[in-house]
Amino acid sequence: MNHIQKKLLAVKTQLPASVTLVAISKTKPNEAIMEAYACGQKIFGENKVQELIAKHEALPKDIQWHMVGHLQTNKVKFIASFISLIHSVDSQKLLEEINKQGAKMNRKVPVLLQVFIAKEESKFGLDEVELTNICEHIHQFQHVEFCGLMGMATNTEDKEVIRKEFKSLRILFTKIKNQYFPSNTSFKEISMGMSGDYHLAIEEGSTMVRVGSSIFGERS
Ligand SMILES: *Cc1c(COP(=O)(O)O)cnc(C)c1O
């Protein structure tokens with residue numbers, strides 16, 4: 001087993017069976033992805049549309065590609081036909097465009113609504129009012145499959161800050177689920193946790209972790 005495969009398995013053994021691992025392969029070459037793939041990993045996440053398209057074209061077709069980065073409205077059309085999950089829906093305008101492209105492709109595009117939980121201004125995400133506004137209008141998005149919420153914690157060493165933010169996302173998920181998606185079995189994911197904080201995220205109820213550098217090594 002090579003280095004990437006050892007690290008992938010080390011991460012996997014630490015995850016409860018109910019938690020989905022999204023291997024974040026951004027900036028990493030196709031060879032690195034194929035090493036993880038050879039070990040059984042089929043879900044990969046990218047944060048740039050161009051890179052995502054190139055990798056989708058070059059690599060095996062049973063890979064499930066997730067978009068985890070900020071997505072510009074004018075780029076939705078390039079990924080709408082094949083994307084397995086868009087984690088980063090951070091505006092109603094983006095959701096409208098995803099719905100429009102989904103209609104053109106005759107598919108329901110799976111998405112997570114990204115919620116702003118951090119203390120950093122630089123992070124993207126919906127606030128609670130925007131989230132509620134979208135949820136009040138889900139019937140308008142017939143070509144979107146709502147699968148849950150996503151959040152990124154503040155980039156800090158302070159574990160209690162991170163824990164609080166993850167906890168707030170978990171509580172918000174339960175509230176939104178009960179109020180707007182009680183009988184929708186697709187709405188079940190809480191995407192939270194990266195290399196530095198996925199243990200904490202799982203303790204706080206994450207169902208999907210997005211792990212990059214702990215598998216593929218540091219990015220330059
Ligand atoms: C890069 C990235 C990750 C993975 O970060 P690591 O610290 O390398 O695990 C997770 N989520 C998002 C949205 C990212 O952009």
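The chain is numbered in sequence order, starting from 1. Only a predicted model underlies this, so the values are computations on that prediction, with no experimental measurement involved. Every number for a ligand or one of its atoms is a count from 1 in the order of the listing.
Using a 4.0 Å cut-off to heavy atoms of M152, the atoms of ligand 1 that qualify are 13 (C). Against a heavy-atom cut-off of under 4.0 Å, V68 is close to the following atoms of ligand 1: 12 (C), 13 (C). Applying the 4.0 Å criterion to heavy atoms of R210 picks out, from ligand 1, the atoms 4 (C), 9 (O), 10 (C), 11 (N), 12 (C), 13 (C). Of all atoms in ligand 1, numbered sequentially from 1 with element shown, those under 4.0 Å from a heavy atom of V211 are 9 (O).
Ligand 1 has at least one atom lying under 4.0 Å from a heavy atom of R219.
Ring centroid separation for the pair F173 and F187 comes in under the 6.0 Å cut-off. Taking the six-membered ring for Trp and the full ring otherwise, H56 and F82 have centroids separated by under 6.0 Å. In this structure, the ring of F124 has its center no less than 6.0 angstrom from the ring center of F116.
The main-chain N or O of I43 is found under 3.5 Å from a side-chain atom of Q41 such that the two form a donor-acceptor pair.
Among protein heavy atoms, atom 5 (O) of ligand 1 sits closest to M194 CE, 3.6 Å. The protein heavy-atom contact nearest to atom 15 (O) of ligand 1 is K26 NZ, 2.7 Å.
A salt bridge is absent between E97 and K77: the closest approach of a Lys/Arg side-chain nitrogen to an acidic carboxylate oxygen does not fall below 4.0 angstrom. Salt bridge status for R163 with E204: present, with a side-chain N to carboxylate O gap under 4.0 Å. The pair E160-K167 fails the salt-bridge criterion, with no side-chain N (NZ, NE, NH1 or NH2) lying under 4.0 Å from an Asp/Glu carboxylate O.
Where the criterion is an N or O separation shorter than 3.5 Å, residue side chain and backbone included, N47 fails it with respect to ligand 1.
When S88, G151, S195, S214 are ranked by how near their heavy atoms come to atom 6 (P) of ligand 1, first place goes to S195.
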